[in-house]
Amino acid sequence: MSVPTIGVLALQGDVREHLAALKASGANPVQVRRPEELDDVAGLVIPGGESTTISKLAVIFGLMDRLRERVSQGMPAYGSCAGMIMLADKILDPRSGQETIGGIDMIVRRNAFGRQNESFEAALDMPAVPGGPVEGVFIRAPWVESTGAATETLASYDGHPVAVRQRHLLATAFHPELTGDQRVHALFTEMVRSAH
Amino acid sequence: MSSPSTATESTAASAEAQRPETGTARVKRGMAEQLKGGVIMDVVTPEQAKIAEDSGAVAVMALERVPADIRKDGGVARMSDPDMIEGIIEAVSIPVMAKSRIGHIVEAQVLQALGVDYIDESEVLTPADEVNHSDKFAFTTPFVCGATNLGEALRRIAEGAAMIRSKGEAGTGNVVEAVRHMRQIKNEIGKLTVLDNNELYAAAKELRAPYELVKEVSVAGKLPVVLFSAGGVATPADAALMRQLGAEGVFVGSGIFKSGDPAKRAAAIVKATTFYDDPKIIADASRGLGEAMVGINCDTLPETERYATRGW
């Protein structure tokens, strides 16, 4: 398990950047688009993208049930931006029929920071990641409205949690995959290693 | 490394010192990265926008008339009515793009003020300036621009475009020009990757593009921004074809809402775009879609009606 195989859900979104960040952090990354491809991975990244689109495609192509099953059985998963929404137990303002995988006891607000003109970069303190502040790239990003008792806040911005962890699940409202800084992916790769 | 105090404490202490920076290249280009693998659909009403969103579109392009109708109606094609754009912004939660005329910086300023998520400085509208494109660095809102070849793509990126789409020939339902432009761009990128450093200066001169961008492409083997395809995609197979040729996603203009069953066709094109390399899924998606839009043979288009030649 020194080089864990980690899938990136490749229905839509910035898949390539996650694959590159995982590789650089010592994992063996593979794309996952079909239910059976989920069986071969020790962990899964759900990329940034459009959460409504990813959710719809996951249902249409029969991935959603298998995703929920594996996550509830303890497969480590990390979601950035749209991926964070997919891992939330509840969306504050879902589009009709928008489903999530769930697993993290939190309520998220979609596009909470605003539209694209309000998308921004800011440095974030994230003590779970050694080596100083993390560059937060927020693109039409969600924030966490509220968390349950078991959910640990790893970073906040403007009073709202933007990075959270609950046991084997990790989520960020921002996009470390766009920065070339692999520390968040390294944290996740370590979570996958220690889960096996 | 700071001592591990509780996360909430340490972030609350320094959050105030963090000044957010908007409109950076990373935020603009990063926005397009989130659209990859997806379909961006032209819509002219809030109802169409909802159909597009429900079908799995990653974004919609709000415009007054789809290109096929612009072709039919003739006259000057301009930016859409702000009421119409706002109605579409209200109707959906996915990103909303809108078109400005080439070089019409005020239309672009208006679109930014309306809060659209991306501005398409588009040859489908009648150009406002036949020499200059807009300075796209002057905007917080990111821009997508069309290109028929690598030089044109790099000139747009040099002006600040954060996303490129191959132009194709909009409103024809004929994929031939989209294929030509995508092949041209990919082919020219490929050629740059085998040149040595001495040759790159002359290549930049030939491409009429900044040396720095030419160098960047020659090292990376790809554009520094996301590359989509546009102009003539009408079927699921068309969309998958453009992805196999190297497009990271597709714009579909008239192809959806000028067809017999828009909701079904839209969902089918989304599926084929995701599984562009799986003919069985594309076959299933292509079944029973009803009538496709009527196509136009590009050879019979008079030079003045070719949109792809607009922009320089």
Side-chain angles (χ1 to χ4, degrees), chain A residues 10-17 33-34 47-53 56-57 60-61 81-82 93 95-97 110-111 113-128 130-133 135-140 152-159 161-163 175 177-179, chain B residues 1-8 10-24 26-31 33-39 50 53-59 89 92-96 112 115-118 139-142 226 248-249 267 270-271 273-275 278 281:
Chain A
L11 295 171
Q12 190 271 313
D14 62 345
V15 175
R16 183 179 61 218
E17 288 69 22
R33 282 186 298 175
R34 299 172 177 83
E50 276 307 310
S51 62
T52 48
T53 307
K56 284 194 173 97
L57 288 171
I60 290 171
F61 289 105
C81 197
D93 48 351
R95 298 303 290 183
S96 65
R110 302 162 64 241
N111 305 139
F113 289 102
R115 304 186 67 84
Q116 173 60 14
N117 287 341
E118 284 79 54
S119 292
F120 66 98
E121 296 185 28
L124 298 171
D125 285 331
M126 190 166 168
E135 296 171 87
V137 177
F138 292 84
I139 297 173
R140 289 170 45 96
E152 178 190 1
T153 296
L154 301 181
S156 293
Y157 185 79
D158 217 7
V162 292
H175 294 277
E177 74 276 11
L178 296 178
T179 64
Chain B
M1 184 197 162
S2 58
S3 63
S5 59
T6 72
T8 31
S10 63
T11 47
S14 56
E16 309 201 359
Q18 298 162 3
R19 263 212 348 266
E21 238 191 304
T22 57
T24 63
R26 208 150 57 173
V27 160
K28 289 175 168 180
R29 292 177 179 187
M31 163 79 207
E33 303 286 354
Q34 307 314 311
L35 302 174
K36 281 190 299 196
V39 182
K50 277 187 203 140
E53 182 175 56
D54 288 343
S55 310
V58 287
I89 288 176
V92 294
S93 78
I94 54 177
V96 176
Q112 170 163 292
V116 305
D117 296 292
Y118 239 91
F139 293 81
T140 306
T141 311
V226 168
E248 294 176 286
V270 168
K271 283 184 206 168
T273 302
T274 298
F275 286 92
D278 189 329
I281 290 179

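Both backbone and side-chain heavy atoms feed into the values below; hydrogens, waters and symmetry mates do not.
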Exercise. For Gln34(B) and Arg140(A), what are the C-alpha separation, side-chain angles and deciding distance, and is it a side chain to side chain contact (heavy atoms under 4.5 Å, CB included)?
Worked result: CA-CA 10 Å; Gln34(B) 307 314 311; Arg140(A) 289 170 45 96; over 6 Å; no
For this session: Give, as side chain, backbone, both or neither, the part of Phe139(B) having an atom under 4.5 angstrom from any heavy atom of chain A.
Result: neither
For this session: Kindly determine whether Val27(B) and Glu121(A) satisfy side chain to side chain contact (heavy atoms under 4.5 Å, CB included), including the steps that lead there.
Result: CA-CA 7 Å; Val27(B) 160; Glu121(A) 296 185 28; 3.7 Å; yes
Exercise. Checking Arg33(A) side chain against Thr274(B) main chain: does a donor-acceptor pair fall under 3.5 Å?
Worked result: yes
For this session: Please state whether the side chain, the backbone, both or neither of Thr179(A) comes within less than 4.5 Å of a heavy atom of chain B.
Result: both
Seminar exercise, completed: Highest number of heavy-atom pairs under 4.5 Å with chain A among Gly56(B), Ala57(B), Pro95(B) belongs to Pro95(B)
Seminar exercise, completed: Separation between CG (Leu35(B)) and CD (Gln12(A)), nearest 0.5 Å, reads 7.0 Å
Problem set entry | Pro20(B) and Phe138(A), any side-chain heavy atoms less than 4.5 Å apart | no
Problem set entry | Among the listed options Glu118(A), Arg95(A), Glu50(A), Arg16(A), the residue most often paired with chain B at heavy-atom distances under 4.5 Å | Arg95(A)
For this session: Decide side chain to side chain contact (heavy atoms under 4.5 Å, CB included) for Ser93(B) and Arg110(A); before the verdict, give the C-alpha distance in whole Å, the side-chain angles of both, and the deciding distance to 0.1 Å.
Result: CA-CA 9 Å; Ser93(B) 78; Arg110(A) 302 162 64 241; 2.6 Å; yes
Exercise. So which part of Thr52(A) gets closer than 4.5 Å to some heavy atom of chain B, the side chain, the backbone, both or neither?
Worked result: side chain
Exercise. Just by modelled atom types, is the Glu53(B) backbone N or O under 3.5 Å from a matching donor or acceptor in the Lys56(A) side chain?
Worked result: yes
Exercise. Could you go step by step and tell me if Val15(A) and Lys36(B) meet the side chain to side chain contact (heavy atoms under 4.5 Å, CB included) rule?
Worked result: CA-CA 8 Å; Val15(A) 175; Lys36(B) 281 190 299 196; over 6 Å; no
Exercise. For the atom pair CZ (Arg115(A)) and OG1 (Thr140(B)), what is the distance rounded to the nearest 0.5 Å?
Worked result: 14.5 Å
Problem set entry | Side chain / backbone / both / neither for Leu11(A) at chain B, heavy atoms under 4.5 Å | both
Seminar exercise, completed: Most contact-rich option vs chain A, by heavy-atom pairs under 4.5 angstrom, among Gly249(B), Pro142(B), Ala59(B), Ser55(B), is Pro142(B)
Exercise. Any sub-3.5 Å donor-acceptor pair from Asp14(A)'s side-chain atoms to Gly30(B)'s backbone N or O?
Worked result: no
Problem set entry | Result of checking Leu178(A), Ile139(A), Val137(A) against Glu33(B) for side-chain contact (heavy atoms from CB on, under 4.5 Å) | Leu178(A)
Exercise. Salt bridge between Asp278(B) and Arg34(A), side-chain N to carboxylate O under 4.0 Å?
Worked result: yes
For this session: Look only at the side chain of Asp117(B) and the backbone of Gln116(A), and say whether a donor-acceptor pair between them is shorter than 3.5 Å.
Result: yes
Seminar exercise, completed: Okay, Val226(B) and chain A: the region with an atom under 4.5 Å from a heavy atom over there is neither
Exercise. Considering only heavy atoms, which portion of Asn111(A) lies under 4.5 Å from any heavy atom of chain B: side chain, backbone, both, or neither?
Worked result: side chain
Seminar exercise, completed: Checked Gly23(B), Gly38(B), Gly115(B) vs chain A; the most non-hydrogen pairs under 4.5 Å come from Gly115(B)
